[in-house]
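So that the names make sense, note that chain A is the first sequence line, chain B the second, and so on, each numbered from 1.
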Number of protein chains: 2
Amino acid sequence: MNTPLPNQPVRGSHSGVAIMAVFDLLGRKWNMRILWELRTGPQTFRTLQENCDNMSPSVLNNRIKQLADARLLATSPTGYQLTELGNTLMTTLDPLRAWASVWEKQL
Amino acid sequence: MNTPLPNQPVRGSHSGVAIMAVFDLLGRKWNMRILWELRTGPQTFRTLQENCDNMSPSVLNNRIKQLADARLLATSPTGYQLTELGNTLMTTLDPLRAWASVWEKQL
DNA sequence: CTGAATCCCAGTGGATACTG
DNA sequence: CAGTATCCACTGGGATTCAG
């Protein structure tokens, strides 16, 4: 359950290369989904859970901690929300989304 | 062991959204590493295995199939190599690498 | 409602030995 | 060398329950 972070071994690589940590983190079930759900604004534990197909609270809690450890998400008076870092990550992903749509067409 | 592809459920999401498939695929152990190793040119099964910490042949074989299914890798007379799609993916990842290095510094 | 603690199961990754 | 077939161990994800 430890959070994938740069400069440490992660699933798939123990080189510590930062991008490997990104893929480990975002490749884990629900993490991308959670960040995606928060793009539009803060949400409470409960609503987040509902919006993520009623995922287990244990797992949601786990993911919140991971994303918080990674400084992508933080608590706010109105629930959980993306940090600045989290927001920039989401926009950085845009080109990858574009690539993915080309990929999708070529398959 | 089925390959994560667009328009089908993958780990973390059964929405079929293409980028989720990318993260499932690249989040799996060794896949990024393999693509990375092939960036400089074709490699044989054996050398690929050596360059990836002598990973199990069963797993390597499995990953090669996945990446081939995803059209990111193909066989060539001199071994395995990236496809055009595989190459564009690698370059598309550049901004993400840049983000990851900022992330690394902020942690 | 939030979130922590247990327990359980499947899937994934890995070691190994074997065949072409 | 390339690739396959078994078999096994582990961890990650999930259900459930309980506490703050």
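A search for side chain to side chain contact (heavy atoms under 4.5 Å, CB included) contacts involving A:Pro9 returns A:His14, not counting sequence neighbours.
Between A:Ile64 atom CD1 and C:dA4 atom C1' there is a gap of 13 Å when expressed in whole angstrom units. Here the P atom of nucleotide C:dA10 and the CG atom of B:Asn2 are 17 Å apart, to the nearest Å. Straight-line distance from the CZ atom of B:Arg11 to the P atom of D:dT11: 16 Å, rounded to whole Å. Between the P atom of D:dA15 and the CG atom of A:Asn62 lies a distance of 14 Å, rounded to the nearest Å. Rounded to a whole Å, the CD atom of A:Gln66 is 10 Å from the C1' atom of D:dG12. Atom CG of B:Leu60 is separated from atom C1' of C:dT12 by 16 Å (rounded to the nearest Å). Atom CG of A:Asn31 and atom P of D:dG14 are 11 Å apart (whole Å). Spacing between atom CD of B:Gln49 and atom C1' of D:dG3 amounts to 10 Å, rounded to whole angstrom units.
Against DNA chain C, the stretch residues 74-82 of chain A makes heavy-atom approaches under 4.0 Å through A:Tyr80. In the region residues 33-48 of chain A, proximity to DNA chain D at under 4.0 angstrom, judged on heavy atoms, holds for none of the residues.
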Enumerate donor-acceptor pairs with a distance under 3.5 Å from any side-chain N or O in residues 100-107 of chain A to protein atoms, sequence neighbours excluded.
from     : atom 1 : to      : atom 2 : distance (Å)
A:Ser101 : OG     : A:Ala98 : O      : 3.3
A:Trp103 : NE1    : B:Ala70 : O      : 2.9
A:Glu104 : OE2    : B:Asn7  : ND2    : 3.2

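Using modelled atom types, one finds no donor on one side chain facing an acceptor on the other under 3.5 Å when comparing B:Thr91 with B:Thr88. Between the side chains of B:Gln66 and B:Asn62, a donor-acceptor pair is found at a separation under 3.5 Å.
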Under 4.0 Å protein heavy-atom contact, by nucleotide of nucleotides 15-20 of chain C - B base, S sugar-phosphate only = BBB---

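Without hydrogens or angle criteria, A:Arg11 side chain to A:Gly27 main chain gives no donor-acceptor distance under 3.5 Å. Distance alone, capped at 3.5 Å, places no donor-acceptor pair between the B:Ser56 side chain and the B:Ser58 backbone. Proximity of a side-chain donor or acceptor of B:Asp69 to a complementary backbone N or O of B:Thr3 within less than 3.5 Å is not detected. A donor-acceptor pair is defined here as one N or O able to donate and one able to accept, closer than 3.5 Å; no such pair exists between the side chain of B:Ser13 and the backbone of B:Met20. Looking only at distances, a side-chain donor or acceptor of B:Asn51 sits under 3.5 Å from a matching main-chain atom of B:Thr47.
Distances shorter than 4.0 Å separate none of the side-chain N or O atoms of B:Asn61 from OP1 or OP2 on D:dG3. At least one side-chain nitrogen or oxygen of B:Lys65 sits closer than 4.0 Å to the OP1 or OP2 atom of D:dT4. Under 4.0 angstrom from either OP1 or OP2 of C:dG14 there lies at least one side-chain N or O belonging to B:Trp30.
Separating the CG atom in A:Leu48 from the CG atom in A:Asn54 is a distance of 11.0 Å, to the nearest 0.5 Å. Interatomic distance, A:Arg63 CZ to A:Cys52 SG, rounded to the nearest 0.5 Å: 11.0 Å.
A single hydrophobic cluster is not seen to contain both B:Met55 and B:Trp36; linkage of ILVMFWY side chains at heavy-atom distances under 4.5 Å, directly or through other members, places them apart.
Taking the ring axis of B:Trp30 as reference, the NZ or CZ atom of B:Arg33 does not stay both within 45° of it and closer than 6.0 Å to the ring centre.
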Reading DNA chain C 5' to 3', how would its secondary structure be written in dot-bracket notation, given Watson-Crick and G-U pairs with both distances under 3.5 Å, brackets [ ] for crossing pairs and | for partners on other strands?
-> ||||||||||||||||||||

Intermediate values then yes/no, salt bridge (charged side-chain N to carboxylate O under 4.0 Å, His left out), A:Asp24 and A:Arg28 | CA-CA 6 Å; A:Asp24 186 5; A:Arg28 294 190 181 185; 3.2 Å; yes

